[in-house]
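Reading through the structure tokens given below for one structure.
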Number of protein chains: 2
Amino acid sequence: MRADALRNRERLVEVAQSAFATNGIETSLEEIARQAGVGIGTLYRRFPRREDLIAAVLAERYLKLTECALTLAEHRKDADAALTEWLTLLVEHMAIYRGLSLAVKEAIHDQSTALGRTCKEMMDAGTALLERGQSLGVFRTDVNFYDVMSLCSGIVTAVERRAEKLADSDIPPVDPYLLLDVVLKGLRSGVLGGGAGG
Amino acid sequence: MRADALRNRERLVEVAQSAFATNGIETSLEEIARQAGVGIGTLYRRFPRREDLIAAVLAERYLKLTECALTLAEHRKDADAALTEWLTLLVEHMAIYRGLSLAVKEAIHDQSTALGRTCKEMMDAGTALLERGQSLGVFRTDVNFYDVMSLCSGIVTAVERRAEKLADSDIPPVDPYLLLDVVLKGLRSGVLGGGAGG
DNA sequence: GCAAAAAGCGGAGGCTGACTCCGTTTAGCG
DNA sequence: CGCTAAACGGAGTCAGCCTCCGCTTTTTGC
């Protein structure tokens with residue numbers, strides 16, 4: 001890759017990161033190009049899809065999440081605590097940019113983008129955490145990791161949507177940790193709630 | 001309201017309904033106006049916001065959901081079964097148009113649109129179901145109805161996103177009833193899962 | 001019936017943002 | 001230094017949102 005191209009790429013990722021933080025991942029790409037001092041064509045050549053840019057911005061973060069899952073799977077004796085700890089990190093991750101939780105929910109079903117592929121690695125690591133707990137009888141076995149991710153993503157989306165409207169209301173804020181606790185409780189094996197289903 | 005205006009209004013709602021069913025609630029409004037044989041200005045005069053049109057399309061359906069919750073609260077002895085039954089209907093409702101689950105998640109925090117207001121009524125009825133269960137010790141009391149709605153909306157969004165990509169994969173489809181079962185299990189009181197939190 | 005007033009209509013036009021295409025520029029090699 | 005592949009950039013096209021206002025239709029009062 002040519003030196004100038006590399007420079008532009010880095011600059012774009014840098015600008016995108018701060019733009020996402022301010023305006024969410026739906027920020028105008030033209031605005032990002034402008035702030036980075038490059039033409040819109042340059043942005044598109046390097047990042048043909050919005051998700052490619054998002055993936056580039058998140059790369060490091062995903063690496064950490066993946067590593068963390070591997071470490072927890074290895075060292076944490078308690079499978080329940082391990083998944084709890086990791087899902088907490090996951091939820092916090094998805095909350096860093098407005099709109100990210102939805103993009104991730106999209107990406108976990110689609111490995112054709114860079115974001116989808118990075119998610120895959122992270123999910124494989126997370127899956128191991130879930131499956132260890134399942135094989136130990138800690139978690140119910142009819143649920144897969146996509147299900148868990150979907151629920152977590154839903155939690156974050158709810159928090160975002162609520163945050164946008166904090167002005168007008170008697171409605172209390174949404175607590176992601178509480179909702180995560182509900183989900184985790186629902187995932188655990190046990191006598192309660194075997195029936196239900198529709 | 002003038003007779004011609006009423007006619008146009010009805011025609012718009014009718015067309016919108018089928019357009020939403022085909023393309024989701026993000027369908028182009030200009031397309032809807034065109035199909036209804038009215039100008040875009042007419043659509044906007046009657047439905048200043050997209051959500052106003054959505055609310056008009058859903059009006060009957062919401063009425064039914066509200067009534068159903070009231071009936072369940074009155075007649076169903078079993079608070080757990082009542083909420084289970086109703087949330088199942090709610091989830092099925094949110095799945096009728098692609099994108100609706102997100103719009104609802106937005107609307108529950110914002111009574112400034114027609115959709116938000118209709119949701120409010122439905123939610124008041126649903127809240128009664130939850131609170132009855134809570135006062136009977138069936139459900140945990142640290143969760144409110146917004147939380148429950150948010151989780152249900154997240155379930156539906158996951159199903160939608162998955163459905164869009166059914167082509168490419170070894171990934172199994174998402175089962176909304178299974179996820180709802182997880183959430184309901186998490187909502188129940190009991191020894192399991194009291195800790196966790198972050 | 002008719003005319004005036006009120007209500008409603010419609011689409012041109014402005015705007016924003018995605019995305020493409022291609023003539024121009026530049027890094028980097030020999 | 002000159003050549004070439006790589007990269008650049010932004011004009012241009014397209015789609016959709018939404019507003020504005022001159023024109024048309026319905027309704028009302030007589």
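The figures here come from the full heavy-atom set of this structure, side chains too, leaving out hydrogens, waters and symmetry mates. Labels below follow one simple rule: chain letters A, B, ... track the order of the sequence lines, proteins then strands, and each chain is numbered from 1.
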What pairs with Arg9(B) under side-chain hydrogen bond (donor to acceptor under 3.5 Å, both in side chains), at least two apart in sequence or on another chain?
->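 Arg9(B) satisfies side-chain hydrogen bond (donor to acceptor under 3.5 Å, both in side chains) with no other residue.
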Got a salt bridge between Glu160(A) and Arg98(A), using NZ or NE/NH1/NH2 to carboxylate O under 4.0 Å?
->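 Answer for the salt bridge query: no.
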Exam field: side chain [X] to backbone [Y], donor-acceptor pair closer than 3.5 Å:
{"X": "Ser153(B)", "Y": "Met149(B)", "value": "no"}
{"X": "Lys105(B)", "Y": "Gly154(A)", "value": "yes"}
{"X": "Asn23(A)", "Y": "Phe20(A)", "value": "no"}

For DNA chain D, determine which residues of residues 22-40 of chain A have any heavy atom closer than 4.0 angstrom to one of its atoms, and list them numerically.
->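 Heavy-atom cutoff 4.0 Å gives Val38(A), Gly39(A), Ile40(A).
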Counting just side-chain N and O atoms, does Thr42(A) come under 4.0 Å of either OP1 or OP2 of dA7(D)?
->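 Looking at the OP1 and OP2 atoms of dA7(D), neither is under 4.0 Å from any side-chain N or O of Thr42(A).
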Does Asn8(A) have a side-chain nitrogen or oxygen under 4.0 Å from the phosphate oxygens OP1 or OP2 of dA7(D)?
->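 Result: no.
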Can you find a heavy atom in the side chain of Arg161(B) that is under 4.5 Å from one in the side chain of Val174(B)?
->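 No; the side chains remain at least 4.5 Å from each other.
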Could you tell me the separation between the [atom1] atom of [X] and the [atom2] atom of [N], rounded to a whole number of Å?
{"X": "Tyr44(A)", "N": "dC8(D)", "atom1": "OH", "atom2": "P", "value": "16 Å"}
{"X": "Leu6(B)", "N": "dC9(C)", "atom1": "CG", "atom2": "P", "value": "10 Å"}
{"X": "Arg46(B)", "N": "dG10(C)", "atom1": "CZ", "atom2": "P", "value": "11 Å"}

Heavy-atom protein contacts under 4.0 Å, nucleotides 23-30 of chain D, coded B base, S sugar-phosphate only, - none | --BSS---
Determine the contact category for Arg50(A): base if any of its heavy atoms lies under 4.0 Å from a base atom, sugar-phosphate if only primed atoms, P, OP1 or OP2 are that close, otherwise nothing.
->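 Sugar-phosphate only.
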